[in-house]
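Residue numbers start from 1 in every chain, and the chains themselves are labelled A, B, ... in the order their sequence lines are given, proteins ahead of strands. The basis for the numbers below is simple: all heavy atoms, side chains too, and nothing from hydrogens, waters or symmetry mates. None of the values given here were measured: they were computed from a predicted structure.
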Amino acid sequence: GDSVTQMEGPVTLSEEAFLTINCTYTATGYPSLFWYVQYPGEGLQLLLKATKADDKGSNKGFEATYRKETTSFHLEKGSVQVSDSAVYFCALTPRNAGGTSYGKLTFGQGTILTVHP
Amino acid sequence: NAGVTQTPKFRILKIGQSMTLQCTQDMNHNYMYWYRQDPGMGLKLIYYSVGAGITDKGEVPNGYNVSRSTTEDFPLRLELAAPSQTSVYFCASSSTGKGAYEQYFGPGTRLTVT
C-alpha cells in the first residue's frame, strides 16, 4: 500500500538557519503530495501542496518540489524563525485511473521542529 | 465561518464506557474524515464519508462507528472504550472534484481511557 517516510526528528535549529525535512513516498500512479503543519495545541493546517511531477509548492517561505524520479517531496526554508516551531507532516493522497480520489491522506510520522532564538 | 469544530476538547473515559465525538463543518464540504494521532506517529484514518448517508472504513476502524445524516455533521462513536483508544482524534473535511484535496482540520479531541 501507499506509505510516506519522513526524516527522523526532532530537529533543533537556531533562528535564521536553513531547514530541510526529507520526505519520500511509495505510491502507485501519480499521487498528490502535501506538507501539513501542526502548531502546539492545534489541528493540522495545509502548508503547501503539489499535484504533479516537477510542481513546486510554496507558502510562508517554505518550498517543496515533487520529484517523481526520486519519489521525494523535501521541505525547505532558507531562514527559519522561532514561530516556525511546530510538527511538520508529509502526506499523500492517491489518484486512481479516473483522476479522482476520495482525498484520503496517508501521513508520515511527523517531524518536530524547534527553533531557538 | 467557523470551519471544522469538534467537541469535546478533552475527555476521560473508563474502560467499557461509550461516547460520541462530535464534528461539524460549515463549508458545505461533501468529504469528511476521522483520524487518530498517537504520540510520535502520523495520523491514521479511521472512517471517511463522501456524502450524507455514505461512509466507509479507513485504516483503523475497529472499535469505532460513524454515521452521516447531514452534510454538516459526522459524529464518531466509541463503543466499549479500551486503553488502546487513548489518542487525539481529528475530524477533517474537504471539497470534491478532481485534483488535490485540501483538508481542513478541526482542533482535535484528546481522549484518555483508563
**OP:** Could you have a look at B/Gln37, B/Glu59, B/Arg110, B/Lys44 and say which one has the most heavy-atom pairs with chain A under 4.5 angstrom?
**Re:**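 Highest number of pairs under 4.5 Å: B/Gln37.
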Cluster question for you: counting only ILVMFWY and a side-chain heavy-atom cut-off of under 4.5 Å, with indirect links fine, are [X] and [Y] together?
X: B/Val66; Y: B/Tyr89; result: yes
X: B/Leu43; Y: B/Leu111; result: no
X: A/Ile21; Y: A/Phe89; result: no
X: A/Leu47; Y: A/Tyr25; result: yes
X: A/Val4; Y: A/Trp35; result: yes

Original post:
What is the minimum heavy-atom distance between B/Phe105 and A/Leu44, and which atoms define it?
Top reply: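 Taking every non-hydrogen atom into account, CB-O, 3.4 Å.
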Original post:
Heavy-atom distance under 4.5 Å to chain A: side chain of B/Leu45, backbone, both or neither?
Top reply: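 For B/Leu45, the contact with chain A is made by the side chain alone.
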Subject >> Contacting region of B/Tyr104 [heavy-atom separation from chain A under 4.5 Å] >> reply: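 No part of B/Tyr104 comes within 4.5 Å of chain A.
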Subject >> Interatomic distance, B/Met41 atom CE to A/Phe107 atom CZ [nearest 0.5 angstrom] >> reply: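 Rounded to the nearest 0.5 Å, the CE-CZ separation comes out at 13.0 Å.
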**OP:** Look up atom NZ in A/Lys104 and atom CD in B/Gln103, then write down how far apart they are to the nearest 0.5 Å.
**Re:**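 The distance works out to 11.0 Å.
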Subject >> Sidechain-backbone polar pair: B/Tyr33 side chain, A/Leu105 backbone, donor-acceptor under 3.5 Å >> reply: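 The answer is no, because no donor-acceptor pair under 3.5 Å joins these two groups.
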Subject >> Under 4.5 Å from any heavy atom of chain B - which part of A/Gln45 >> reply: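 For A/Gln45, neither part sits under 4.5 Å from chain B.
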Original post:
Is the CD1 atom of B/Ile12 crowded by more than 12 outside heavy atoms at less than 6.0 Å?
Top reply: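 Atom CD1 in B/Ile12 is not packed in, count stays at 12 or less.
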